[in-house]
Trainee: 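Structure provided below as C-alpha cells; questions to follow.
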Amino acid sequence: MATAPIVEIDKVSFGYDPAHPVLHGVSLRIEPGSVVGIMGQSGCGKTTLLRIIAGWLKASAGNTRVLGESVRDLDSDGIYALRRKMGMLFQFGALFTDMTVFDNVAFQMREHTDLPPDLVHDLVMMKLEAVGLRGVAQRMPSELSGGMARRVALARAVALDPRLMLYDEPFTGLDPISLGVIARLIRTLNDSLGQTSIVVSHDVEECFGIVDYVYFVSAGRIVAEGTPDELRRSAEPFVSQFVLGEPDGPIPFHYPAPTYEADLAAPAKNA
Amino acid sequence: MLAGLRQGLADLGSGATAKLLRLGFAARFFVAILLHSGTAFRRFGLTIREIYFAGVLSMVIILVSGLFVGMVLGLQGFETLQRYGSGDALGVLVALSLVRELGPVIAGLLFASRAGSAITAEIGLMKATEQIAAMEMMAVDPIARVVAPRFWAGVISMPLLAALFSALGIFGGYLVGVKLIGVDEGAFWSQMQASVDVRNDILNGVIKSLVFGVAVTWIAVFEGYDAPPTAEGVSGATTRTVVTSSLAILALDFVLTALMFTGGNAK
Amino acid sequence: MKRSIIDIWVGTFVAVGFGGLLFLALKVGNLASFSTAETYQVQAKFANIGGLKVRAPIKSAGVVVGRVSNVTFDNESYEALVTFNVDAQYRFPRDTSAKILTSGLLGEQYVGLEAGGDGVMLKQGDRLRLTQSAVVLENLISQFLFNKAAEGKDSKDGK
C-alpha cells in the first residue's frame, strides 16, 4: 500500500548566508499518520528544516513537497492555502497576549470560517477539553504558567483540525509532569484526529516515547534515522553519544581553540 | 591616519546605503499597508479598538498640554503686543499660532511620543514573542490584521487631537487674556474671527495634522515590524520611532508651511 | 476591555474631536459669514493696487460687503484688473467708486466702495468706472519733495 508521503524532502540545501549553508542535501519522508522526530543538537538546522516545510524559507536547492504541493512553486496565496491545512506549535506558545484564552483558540475559526458564535463556542470548549484546560477559558495568557500556555497554544493550533502538525521544541523548559502531559497530548491528538506530526526536539526521553520514526541531524546533514528501538541499539557513535547524553564523542566537548599551553603562555590581553 | 579617514568614509558610505535600503523597505511596507487595508475597514471594530488605544488614551495629555500652551501664549503674547499698543489683537495671535502651527505640530510630537512609541513597542514585542509568526502560520496576514488597523487609527486620530489641542489652547489664551489680564472680550473674539480664515488657516491646519498622522504612524508601525526580536531591539526601535517621527514632523511642517502660507497666498 | 466600553470611548473621542473642529470653524474662524452666501461679480481697473491681495475684504461704510476674488494684469491698458465677489444682498449704483485703502496705519489693504447716485444698480459682470489707486509711499515721498522744491523755487523767485 503506497500512500503518498505527507512530506517529502529531496536533497534540500539552504543557507541564511549563501556562503555558509545550514542544510546540505537533506532528504527525508514523512508517512501519513506517523509521528516523526527530527532531533539533533542546538543549531544543527532542525528548526530551519521545519521552517522550510512551513514555507517560510525557500530552499536554495532540492525539492520540498508538502501535502502534495511543491512548496517553492507556490505564491503567497498558495502558501496561505497550504498553511490552512497545517498547524504549528511554537516553542513558547506564542499566544496572543491581548486576548483571552478563549479568543486565542477561537482565532482561526473566526478568521477563516463563518461559523455562528454558538458553534464557535462549542468547538473552543471541545479543543480546550482535549488539552484539559477548559477551566481557564476566560483567563489572559499572562496569567498562565509556561506549561499551560503551551497546551492552550496546542488547542489553538489544532482548532481547524489540520492534517499536518509541526512542533518546534515542545518539551523545552517544562517540569516533568507538564512534559508527560504534552507528550501524551501530541500522540493522542495525532492518532485521534488522524494527523501526521513532526516533532523537532532534543529531548531524547520524551521524544522516543511517542514517535514512530526519528531523523538525526548534525551539522546540516542527516546522520542517522530509524525507529526509536533501532536507534537505542545503534552503534553509530553520534547516535549513541546523543542518546546516552555523553559529554564527549563525535561532538567534541572542547570548542575549537589554540592548544592549552599556547593560551596559558600568551600574555594577558586586558591587563 | 589616511587609512582611518578612508575607513571612516567607507563606514559613512555603507551606513548611508544601509539607511537608503531601509528607507526603500519602509516605502514598500507603506504600499503593502495601503494594499492590505481592506480588512481594517471591513472589520472596522479592529480599527476602533486601535483608535481607543492611540487616540482616546492620548486625549488627557493633549488636552492638558493644549490648555497650558494656550495660556502661555496668552501671557507671552500680551506682553509683546502691549508694547505696540495692540493688546486687543491677542485673540488673533493665539488663534493663528495654534491653528496654523502649534496645534498640528505639538499634538503631533506628543502623539509620536505617547502613541507612536506604544505602537512600536507593541508590534515589536509581538514579533519578538513569535505572535506575528504564529499568525502567519495560521494563514492570517499580520499586515492586514495587526498593522493596517493601527495605521488608520493613527491617521484618523491625529486631526481630531490637533483640533482639540488648538481649541483648548484658544480657550486657555482666553482664560489668561480676558479673564486674568483684562483684554476686552469682544475685541478678543471679533478680531480673531475676522483674521482666522476657515479655508486658509483651519483647513490647512487639518491637512497638516493629517500629513503628520500618516508620517508618525507609518514610522511607528514600520519600526515595530522591523525591530530585532530582542529586548535591546525593541527598545532601540521605540527610541527611533520618537526621534524619527519628531524630526519628520518638523521637516514636513517647514515644507507644508512654505507651500501653504507663503507662496500660495501672495497673489 | 469590553467591546462596548471601547466603542463608547471612541465615539466620545470622535464626537469631542469634531466638536473641537466645529468650535474652531465657527467661533474662531469666519465660517459663519460669506462662504455660503450668494455673490455677484464686479470688476474694476486700478493704476496701482499696492498690497491688495486676493480674499481682501471689500468694505462700504466700514462694513464688509464682499471679497476680492481675482487680481490680474490687463496687458492692453497696462492696469490691474481686480474682480470682486459682492454679497448678493447688497446692491450698489452703477456709478459707485472703488478706492484702495489701508486699515490703520500699517494694516492690510482693502477696497472701499462709495455708493454713487445713479438709479440703475450694478449687475453681474459690470465694471466700475471710478477708481482710485493705492497710495504708494515712494510716490508720496517724491511728490512731497517735489512740492517742497517747487515751493522753495517759488519763494526764491518771488523775492
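Since the model is a prediction, treat every value here as computed from it, not as a measurement.
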Trainee: Which residues in residues 113-121 of chain B have any heavy atom lying under 4.5 Å from a heavy atom of chain A?
Mentor: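 Result: none.
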
Trainee: Write down the atom of B:A134, the atom of A:R156, and the distance for their closest heavy-atom approach.
Mentor: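 Smallest heavy-atom distance, with atoms named: CB-NH2, 3.6 Å.
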
Trainee: Between CD of A:E111 and CE of B:M138, what distance do you get to the nearest 0.5 Å?
Mentor: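 Rounded to the nearest 0.5 Å, the CD-CE separation comes out at 9.0 Å.
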
Trainee: Would one find more than 12 heavy atoms of other residues, nucleotides or ligands at under 6.0 Å from atom CZ of B:F30?
Mentor: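 More than 12 within 6.0 Å, yes.
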
Trainee: Which region of A:T97, side chain (C-beta onward) or backbone (N, CA, C, O), has a non-hydrogen atom less than 4.5 Å from a non-hydrogen atom of chain B, or is it both or neither?
Mentor: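 For A:T97, heavy atoms of backbone and side chain both lie under 4.5 Å from chain B.
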
Trainee: Considering only NZ, NE, NH1 and NH2 on the basic side and carboxylate oxygens on the acidic side, decide whether A:R51 and B:E130 come within less than 4.0 Å.
Mentor: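 A salt bridge is present here (some side-chain N lies under 4.0 Å from a carboxylate O).
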
Trainee: Heavy atoms only: give me the nearest B:D141-A:Y80 pair and the separation to one decimal.
Mentor: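 Of all heavy-atom pairs spanning B:D141 and A:Y80, the closest is CA-OH, 3.3 Å.
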
Trainee: What's the spacing between B:E136 CD and A:I79 CD1 if we round to 0.5 Å?
Mentor: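 Between atom CD of B:E136 and atom CD1 of A:I79 there are 9.5 Å.
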
Trainee: Taking ring-ring contact (aromatic ring centres under 6.0 Å, His included) as the test, write out the residues that go with A:Y167, two or more places apart.
Mentor: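 So A:Y167 forms no ring-ring contact (aromatic ring centres under 6.0 Å, His included) with any residue.
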
Trainee: Measuring from atom CZ of A:F107 to atom CE of B:M135, what distance do you get when rounded to the nearest 0.5 angstrom?
Mentor: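 Between atom CZ of A:F107 and atom CE of B:M135 there are 4.5 Å.
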
Trainee: Would one find more than 12 heavy atoms of other residues, nucleotides or ligands at under 6.0 Å from atom CG of A:D114?
Mentor: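 No.
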
Trainee: Heavy-atom count check: over 12 atoms from other residues, nucleotides or ligands less than 6.0 Å from A:R184 CZ?
Mentor: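 Counting neighbours around CZ of A:R184, 12 or fewer heavy atoms of other residues, nucleotides or ligands fall under 6.0 Å, so no.
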
Trainee: Counting only heavy atoms not in A:R110 (residues, nucleotides, ligands), do more than 12 fall under 6.0 Å from its CZ?
Mentor: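 Enclosed: over 12 neighbouring heavy atoms sit under 6.0 Å from CZ of A:R110.
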
Trainee: What heavy-atom pair brings A:R83 and B:A139 nearest, and what distance separates the two atoms?
Mentor: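 Closest pair (atom of A:R83, atom of B:A139, distance): CB-CB, 4.3 Å.
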
Trainee: Tell me, for A:L95 versus chain B, whether the close heavy atoms (under 4.5 Å) come from the side chain, the backbone, both or neither.
Mentor: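 It is the backbone, since no side chain atom gets that close.
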
Trainee: Where do B:R49 and A:D98 come nearest, in terms of heavy atoms and distance?
Mentor: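 In terms of heavy atoms, the two residues are closest at NH2-O, 3.9 Å.
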
Trainee: Would you say that more than 12 heavy atoms from the other residues, nucleotides or ligands in this model lie under 6.0 Å from the CZ of B:F68, or not?
Mentor: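 No, not enclosed.
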
Trainee: Please assess A:W56 against B:M137 for the test side chain to side chain contact (heavy atoms under 4.5 Å, CB included), listing each intermediate value before the final yes or no.
Mentor: CA-CA 9 Å; A:W56 242 312; B:M137 265 317 292; 3.6 Å; yes

Trainee: Check whether more than 12 heavy atoms from other residues, nucleotides or ligands sit under 6.0 Å from atom CZ of B:R240, and answer yes or no.
Mentor: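 Yes, the 6.0 Å shell around CZ holds more than 12 heavy atoms from other groups.
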
